[in-house]
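Notes follow the structure.
Atoms considered below: every heavy atom in the structure, side chains included; atoms not considered: hydrogens, waters and symmetry mates.
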Amino acid sequence: MRSQRIAVAGGTGRIGKHIVEGLLEIKQQYSLEIIVLSRSRSSDISYAGNNAPIVPVDYQDQSSMRKVLNDFQIDTVISTLSGTTPDAFITSQESLLRAALSVPTIRRFAPSEFAVNSEQVPSIKLYQMKLPIIHSLRQVKQERTDSFEYSLFSCGVFMNYLGYGNTKPEGHKAHGHMPHFPYIFDLSKRSADIPGDGEKQIVYTRAEDVGKFVAAATQLEAWEEYSEMAGDVLTMNEVLRLCEDVCGTGKFNVKYNLREDIAARLSPTPETTEKIMENFFAEFLLAIMDGDCDVKRPINLNNLVDVRPMGVRKYLEQWWG
């Protein structure tokens, strides 16, 4: 039951745009129809000689979403919605799912994961708002055993953060469509902010490769509940050694943080987006220390589709070598 007519919700920004580009890359090969759902109207997304129209929707209005999905006869919805307000985020995804389920052609739904699997990281508050839709999807699967599939796509940490601060002529391309900031490793300052002793593993995947993996997965005959992908799986100390080796400027300034060091960064009442995100990044470091970000399941998608992702060394050599 391959996907043929695909809607990407939130496909105008960040990882959503990479997924749209991945789909556009294979659009002609598989005769796909692709639309992008967005809160605002803008011009088509163009990539690899193909286009995807942007269709404005109100994620709080199920009837308007139903009409769009029905008009385009969508069979697969990929959600890349994001936000820092739990109520709005949960409601938007649930409304999207309910609208999709009322469309006769719908067969597949992918919720907004695209990081470490949200069920693994109970200490990360922002990820807890991803759990209700998973519960809903499992209920739907029980009711529609043979006619509905969903998958939780996990990719770990975006490798693109390792490109922050590079001075290559087109260095901005290291980030793809992702935000420009360092995380754990700041190669521009030759420094590292490591949780614990650095021996915990991290899954790294380049955002561009996430797009390719998800696009390729739409052409699988069946979806597994978990779709795990990786460009590399390395301990933080292994990444550190690669960074030092590729940069060739000697040892980095490294801080190995105790739990209390990271806990001290948490704001008890994060009321601004900035504080919410500061808490998020600190909670992620704690989750790494606790082993919640360890590989829990086989990295199955790498074996199921023909995508050859970039590894950390090659990425570092491209932007820092």
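Remark: the backbone N or O of I276 is not paired with any side-chain donor or acceptor of N279 at under 3.5 angstrom. In this structure a side-chain-to-backbone donor-acceptor pair under 3.5 Å is missing from Q93 to S79. D232 contributes a side-chain N or O that, together with a main-chain N or O of V312, makes up a donor-acceptor pair within less than 3.5 Å. Using modelled atom types, one side-chain atom of N237 and one backbone atom of D197 make a donor-acceptor pair closer than 3.5 Å. A donor-acceptor pair is defined here as one N or O able to donate and one able to accept, closer than 3.5 Å; such a pair exists between the side chain of D186 and the backbone of S188. Remark: side-chain polar atoms of R265 are not paired, donor with acceptor, to backbone N or O of F281 under 3.5 angstrom. Side-chain atoms of R206 do not come within 3.5 Å of backbone N or O of G176 as any donor-acceptor pair. At least one donor-acceptor pair closer than 3.5 Å links the side chain of N50 to the backbone N or O of L24. In terms of modelled atom types and a separation under 3.5 Å, the side chain of W319 and the main chain of L162 share no donor-acceptor contact. Between the side chain of T218 and the backbone N or O of A215, at least one donor-acceptor pair lies under 3.5 Å.
Taking the six-membered ring where the residue is Trp, Y183 and Y161 present perpendicular rings, their angle passing 60° and hence far from 30°.
With rounding to the nearest 0.5 Å, the separation of CE in M277 from CG in L126 is 6.0 Å. The structure places OH of Y164 at 10.0 Å from NE2 of H180, a figure rounded to the nearest 0.5 Å. Here CD1 of I106 is found 11.5 Å from OG of S147. Values are rounded to the nearest 0.5 Å.
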#### Entry: Worked check of side chain to side chain donor-acceptor pair (under 3.5 Å) between Q60 and S92
CA-CA 6 Å; Q60 306 302 319; S92 294; 2.9 Å; yes

### Task
Would you check, one step at a time, whether the test side chain to side chain donor-acceptor pair (under 3.5 Å) holds for R190 with T249?
CA-CA 8 Å; R190 306 298 194 261; T249 54; 2.8 Å; yes

### Message
Assess the residue pair N51 and S46 against the criterion (side chain to side chain donor-acceptor pair (under 3.5 Å)); give the C-alpha distance rounded to whole Å, side-chain angles, the decisive distance to 0.1 Å, and a yes or no.
### Response
CA-CA 4 Å; N51 297 326; S46 299; 2.5 Å; yes

### Task
Check the pair Q120 / R297 against side chain to side chain donor-acceptor pair (under 3.5 Å), numbers first and verdict last.
CA-CA 11 Å; Q120 290 182 205; R297 285 172 292 276; 3.1 Å; yes

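Here Y226 pairs with nothing under the ring-ring contact (aromatic ring centres under 6.0 Å, His included) rule; sequence neighbours left out. Take Y30 and apply the ring-ring contact (aromatic ring centres under 6.0 Å, His included) test, not counting sequence neighbours, and it matches no residue. By the side chain to side chain contact (heavy atoms under 4.5 Å, CB included) test, T80 pairs with V8, I15, I19, I78, F114, sequence neighbours left out.
Residues E119 and R138 are paired through a salt bridge, judged by an N-O separation under 4.0 Å between the basic side chain and the carboxylate. A salt bridge links E278 and K275; the closest N-O separation between the charged side-chain nitrogens and carboxylate oxygens is under 4.0 Å.
Sorted pairs that involve residues 55-75 and meet ring pair (Phe, Tyr, Trp, His ring centres under 6.0 Å), not counting sequence neighbours, are lacking altogether. Listed by first and then second residue, the side chain to side chain donor-acceptor pair (under 3.5 Å) pairs that reach into residues 17-26 are E21-H177, E25-K212, sequence neighbours excluded. A ring pair (Phe, Tyr, Trp, His ring centres under 6.0 Å) check over residues 122-142, counting only residues at least two apart or in different chains, returns the pairs Y127-F280.
Here the options are E225, E224, K141, the test is side chain to side chain donor-acceptor pair (under 3.5 Å), and the partner is Y150; only E225 passes.
Donor-acceptor pairing under 3.5 Å is recorded for the side chains of E113 and S118.
Taking all atoms of both residues into account, the shortest heavy-atom contact from R5 to Q73 is CD-O, 3.2 Å. Residue I74 comes nearest to T76 through the heavy atom pair CG2-O, 3.2 Å, listed as atom of the first residue, atom of the second, then distance. The shortest non-hydrogen separation linking A174 to G163 is CB-CA, 4.1 Å. Minimum heavy-atom separation, M310 to Q318: CE-OE1, 3.3 Å. Between S31 and Q4, the shortest heavy-atom distance links the atoms O-NE2, 2.6 Å.
When side chains are defined from C-beta on, L187 does not count as touching V246, because their heavy atoms never get closer than 4.5 Å.
Ring centers of W223 and F109: at least 6.0 Å apart, outside the cut-off.
Other residues, nucleotides and ligands place no more than 12 heavy atoms under 6.0 Å from the NZ atom of K189.
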